[in-house]
Amino acid sequence: MRTPTELGVRAEAMLAELAAFSDDAANLTRLYLSPAHRAAADRVAGWMRTAGLDVGLDALGTVRGRLKPSAPGRAGNRRLLIGSHIDTVVNAGRYDGMLGVVAGILVAEEIRARGIELPFGIDVLAFGDEEGVRFPTTLVSSSAVAGCLVPSDLDARDVDGVALRDALLAFGGDPKATPTAAYSREEVLAYLEVHIEQGPVLEAEGLPIGVVTSIAGQSRFSVTVSGEAGHAGTVPMLLRRDALAASAEMMLAIEDVARAGQAHQMVATVGRLAAKPGAVNVIPAEVVFTLDIRADADGPRLSAIADLDARFRAIASRRGVSVAIDKFYESPTTPCAFHLQEAFASAAGALGLPDRRLASGAGHDGHAMHHLTDVGMLFVRCRGGISHNPAEHAAVDDMGLAVEALIKAIERLGTDAASSGDRK
Ligand SMILES: [Zn+2]
């Protein structure tokens with residue numbers, strides 16, 4: 001039995017090994033179905049075998065390691081899924097995703113080493129397409145596992161024109177067998193994932209881990225504001241229909257509405273803006289800007305959007321400009337199951353840590369897995385809240401505590417499952 005620090009040291013060593021598998025010699029870039037992904041998948045499979053798991057690769061390239069139940073009861077055929085992803089963004093850090101896979105393998109090792117009896121099996125999953133960088137798709141591998149893969153995603157092409165289905169064949173997957181990757185709802189107990197926070201909240205509060213309440217839903221819009229171009233020297237201020245000044249006022253409204261939604265961890269961002277005609281001496285006639293808005297629940301997000309819609313129209317009418325608001329993306333909030341939050345919270349308590357709950361502003365494989373089963377997530381503090389960056393860092397002790405908390409949470413789920421029989 002290893003201490004949390006020993007588990008953290010081992011996690012760090014495994015993450016360092018995985019970080020060597022890159023498509024780019026200069027930095028860590030590991031895209032879905034690339035040679036580096038293949039090499040990383042092989043290493044993960046090797047670790048799983050050493051841990052005593054039955055290992056396979058599913059049709060979409062997800063590595064699966066299976067630990068049989070030690071105390072099969074009525075829940076004996078069911079499995080608890082633990083996973084995350086081993087693909088990365090371009091010029092990535094080594095913790096995002098990989099930590100959750102390494103944690104799953106360490107948990108399986110410890111469950112065997114400690115002789116922990118569980119009335120269900122454990123499958124450790126290493127997904128391949130979470131970041132959605134290579135193909136214009138995302139969560140393809142976890143969606144297949146969850147049985148909600150969109151078949152046309154297999155036709156997606158990367159920048160070199162390679163179709164996902166062809167890349168999958170080269171990788172060793174099987175685009176014709178994608179339905180076989182899906183679990184049935186009856187055979188799955190829950191999905192658990194350990195992930196770095198990718199934000200600054202836990203660090204600011206001096207906490208190593210936190211329990212995720214939901215994966216934020218998000219809506220994205222393209223907003224077009226149309227006014228009238230004019231001479232910067234001759235049109236008096238009161239006679240202008242300045243599309244950019246109107247957009248600026250709308251952006252302040254966005255900030256205002258998002259700040260008012262703080263209780264729901266609401267965040268709103270204007271990340272892109274283009275003004276036409278874009279000359280120093282011409283009043284802007286048209287502005288197009290994007291809006292990305294997220295919150296920990298759908299209701300507050302949707303009412304903030306309705307509020308913004310009304311405020312944009314009021315600003316536009318007062319300034320004599322028009323506004324068109326087009327939604328181009330929406331994903332609903334994924335709630336984390338309350339009993340899984342409680343299992344993580346009691347595990348944290350057993351380690352002397354406070355029960356801190358927080359929503360995830362970033363998307364995760366849990367978003368797809370929610371279509372299949374209950375989802376639980378545990379966040380690990382990361383330095384400076386930095387992620388998707390080579391400077392990404394999680395401390396050895398924090399990672400060790402997360403692995404230990406995951407073990408304790410699973411033990412509790414085992415006790416619950418054993419005492420309540422095969423409760424669906
Ligand atoms: Zn991730």
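All ligand and atom numbering here is 1-based and tracks the order in the structure. Nothing here was measured: the structure is a model prediction, and the numbers come from that model.
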Novice: Checking only N/O/S atoms, does His85 have one that is under 2.8 Å from the Zn ion (ligand 1)?
Specialist: yes

Novice: So which N/O/S atom does His195 have closest to the Zn ion (ligand 1)?
Specialist: NE2

Novice: Is any NZ, NE, NH1 or NH2 atom of the basic residue among Arg259 and Glu255 found under 4.0 Å from an Asp or Glu carboxylate oxygen of the other?
Specialist: yes

Novice: Give a yes/no answer: is there an N/O/S atom of Asp96 under 2.8 Å from the Zn ion (ligand 1)?
Specialist: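 True for Asp96.
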
Novice: Report yes if the side chains of His195 and His85 come closer than 4.5 Å at any heavy-atom pair, otherwise no.
Specialist: yes

Novice: Taking only Lys NZ, Arg NE, NH1 and NH2, and the carboxylate oxygens of Asp or Glu, determine whether Glu187 and Arg78 approach each other closer than 4.0 Å.
Specialist: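 Salt bridge absent between Glu187 and Arg78.
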
Novice: Does Arg220 qualify as a cation-pi partner of Phe328, given the criterion of NZ or CZ under 6.0 Å from the six-membered ring centre and within 45 degrees of its axis?
Specialist: no

